[in-house]
Amino acid sequence: MNDITSFKETLKLSSPPSNFNLILKSLWYDAKGDWDSAHAQVDQLNDRDSAWVHAYLHRKEGDIWNADYWYGRAKKNRPNGTLEEEWKKLLEHFLTI
């Protein structure tokens with residue numbers, strides 16, 4: 001799977017596809033409105049990629065201080081755009097790696 005349309009089709013399922021890595025599972029749960037499950041997927045990881053998703057989730061939660069900490073770990077700046085724009089950018093990035 002390498003496009004947003006195909007990813008969004010999986011949102012009809014009751015659980016994320018088994019071939020999704022933890023980052024894609026996190027974005028999947030987030031799209032389903034399950035912040036806790038989304039956070040649980042990346043909370044256990046320590047790499048820069050998962051830190052970026054972790055930052056986004058805390059930004060979405062409204063915990064800007066914590067989000068900024070994770071953006072720093074990801075070597076990213078907090079975006080000025082909407083959460084929807086950031087989710088799409090994350091998904092586009094992680095579908096291609």
Side-chain angles (χ1 to χ4, degrees):
M1 171 179 317
N2 58 3
D3 66 83
I4 291 176
T5 302
S6 297
F7 182 91
K8 286 183 175 180
E9 282 294 312
T10 70
L11 297 174
K12 296 175 183 174
L13 303 172
S14 60
S15 59
S18 60
N19 65 329
F20 277 13
N21 63 34
L22 292 176
I23 289 174
L24 289 177
K25 285 179 182 179
S26 179
L27 294 170
W28 187 92
Y29 281 116
D30 178 65
K32 296 279 276 187
D34 187 348
W35 188 93
D36 290 325
S37 292
H39 184 259
Q41 303 303 307
V42 293
D43 194 38
Q44 61 187 304
L45 304 175
N46 292 312
D47 60 281
R48 284 176 52 182
D49 285 343
S50 59
W52 185 16
V53 177
H54 205 152
Y56 156 79
L57 289 169
H58 283 294
R59 178 177 172 234
K60 185 172 189 176
E61 178 190 34
D63 187 352
I64 299 304
W65 181 91
N66 202 1
D68 285 345
Y69 167 80
W70 287 103
Y71 282 117
R73 298 264 318 255
K75 307 287 190 227
K76 303 277 185 189
N77 293 319
R78 180 173 13 113
N80 293 324
T82 67
L83 290 166
E84 293 80 15
E85 290 168 338
E86 186 176 10
W87 182 87
K88 184 178 177 186
K89 184 175 182 176
L90 284 162
L91 187 57
E92 287 172 343
H93 175 78
F94 291 114
L95 283 174
T96 61
I97 59 170

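Along the sequence shown, residues carry numbers from 1.
Linking ILVMFWY residues whenever their side-chain heavy atoms come closer than 4.5 Å, directly or via other members, places L83 and F94 in the same cluster. By the criterion of side-chain heavy atoms lying less than 4.5 angstrom apart, applied directly or through intervening Ile, Leu, Val, Met, Phe, Trp or Tyr residues, W70 is not grouped with L91; the two fall into different hydrophobic clusters. Follow the hydrophobic side-chain contacts under 4.5 Å out from Y69 and you never reach Y56; the two are in separate clusters.
Residues V53 and S26 share a closest heavy-atom pair of CG1-OG, 3.5 Å. Shortest non-hydrogen contact noted between P16 and Y29 is CD-OH, 3.4 Å. Considering all non-hydrogen atoms of both residues, L95 and I4 come closest at CD1-N, 3.8 Å.
Of the inter-residue distances, the one linking N80 atom CG with E86 atom CD reads 10.5 Å to the nearest 0.5 angstrom. To the nearest 0.5 Å, the span separating NE2 on H39 from CD on Q44 amounts to 11.0 Å. Going from atom CG of D49 over to atom CG of L90 covers 9.5 Å, rounded to the nearest 0.5 Å. The distance from atom CG of D3 to atom CD of E9, rounded to the nearest 0.5 Å, is 9.5 Å. Atom CZ of R59 sits about 14.0 Å away from atom CG of N66, to the nearest 0.5 Å. Atom CG of D43 sits about 11.0 Å away from atom CG of D36, to the nearest 0.5 Å.
When each of K76, R78, R73 is checked for a salt bridge (Lys or Arg N to Asp or Glu O under 4.0 Å) with D68, only R78 meets the rule.
Looking at K32, its side chain does come within 3.5 Å of a backbone N or O of L13 through a donor-acceptor pair. Distance alone, capped at 3.5 Å, is enough to place a donor-acceptor pair between the W35 side chain and the L57 backbone.
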Exercise. Checking ring-ring contact (aromatic ring centres under 6.0 Å, His included) for the pair F7/F20: CA distance, chi angles, key distance, verdict?
Worked result: CA-CA 10 Å; F7 182 91; F20 277 13; 5.4 Å; yes
Problem set entry | Step-by-step side chain to side chain contact (heavy atoms under 4.5 Å, CB included) determination, L24 to W28 | CA-CA 6 Å; L24 289 177; W28 187 92; over 6 Å; no
Exercise. Could you walk me through whether I23 and Q41 pass the side chain to side chain contact (heavy atoms under 4.5 Å, CB included) check?
Worked result: CA-CA 7 Å; I23 289 174; Q41 303 303 307; over 6 Å; no
